[in-house]
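Below is one structure, written out as structure tokens; the observations come after it.
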Amino acid sequence: MSGDPGSDLSGRWTGMYNYPGPFPPVAFEAELQDIAGCFTGTISEPDEASQGTGGSLHSVVEGQRQGSAVTFAKIYDNAERRPEPVFYSGTIQPDGNEISGRWEIQGQWSGTFLMIRDSGVAEAAEVAAEEEVPLPDG
């Protein structure tokens, strides 16, 4: 599968994860490097504890993909504030530009997540724009 360009997860991703209950979703940005189904990368997200000061949390990720399944662990740089790893498992859409699934901090929290590759967003916008442009009568 590593020869299939749609299966390579390398690139810039934007996404969000949802907490259970009344908490709002959290947006994040990820940069992934995929080599033959194993990937590493970084994630940046707003620091909810910064109370509007614009702080960010940074983490590293390490994972793998097999077929349409993806699993990875996210470990925050600030282990004093966020000591537990977050485990993600999800499904890659056939075009390779979207991943959705669940995250879990074992025994504490869990929720859903969605990631969209930035190039996929641009391509989708281009397709939508092309579909909306009327052709001149010829």
Looking at NZ of Lys74 and CD1 of Ile105, how far apart are the two atoms once the value is rounded to the nearest 0.5 Å?
8.0 Å

List the residues meeting ring-ring contact (aromatic ring centres under 6.0 Å, His included) with Phe113, not counting sequence neighbours, and say none if there are none.
Tyr88

Could you pull out all residues at least two apart from Ser110 that satisfy side-chain hydrogen bond (donor to acceptor under 3.5 Å, both in side chains)?
Arg102

In Å, rounded to the nearest 0.5 Å, how long is the span from CZ of Phe39 to CZ of Arg65?
9.0 Å

Using residues 18-33 as the side-chain source, report each donor-acceptor pair under 3.5 Å to any protein atom, sequence neighbours left out, with the distance given to one decimal.
from: Asn18; atom 1: ND2; to: Thr112; atom 2: OG1; distance (Å): 3.0
from: Tyr19; atom 1: OH; to: Glu48; atom 2: OE1; distance (Å): 3.4
from: Glu29; atom 1: OE1; to: Arg12; atom 2: NH2; distance (Å): 3.1
from: Glu31; atom 1: OE1; to: Arg12; atom 2: NH1; distance (Å): 2.9

Nearest 0.5 Å, please: how far is CE in Met115 from OG1 in Thr14?
8.5 Å

Glu98 meets the salt bridge (Lys or Arg N to Asp or Glu O under 4.0 Å) criterion, sequence neighbours left out, with none

Donor-acceptor pair, Ser68 side chain versus Ile92 backbone, under 3.5 Å?
no

Can you list the residues that meet the side-chain hydrogen bond (donor to acceptor under 3.5 Å, both in side chains) rule with Tyr17, with sequence neighbours excluded?
Glu45

Apply the test side-chain contact (heavy atoms from CB on, under 4.5 Å) to residues Ile99 and Leu9: give CA-CA distance (whole Å), side-chain angles for both, the deciding distance (0.1 Å), then the verdict.
CA-CA 10 Å; Ile99 303 170; Leu9 300 179; 4.2 Å; yes

Residues which pass side chain to side chain contact (heavy atoms under 4.5 Å, CB included) with Glu62, listed by chain and number, not counting sequence neighbours
Thr40

Does a side-chain heavy-atom distance below 4.5 Å link Pro85 with Gln106?
no

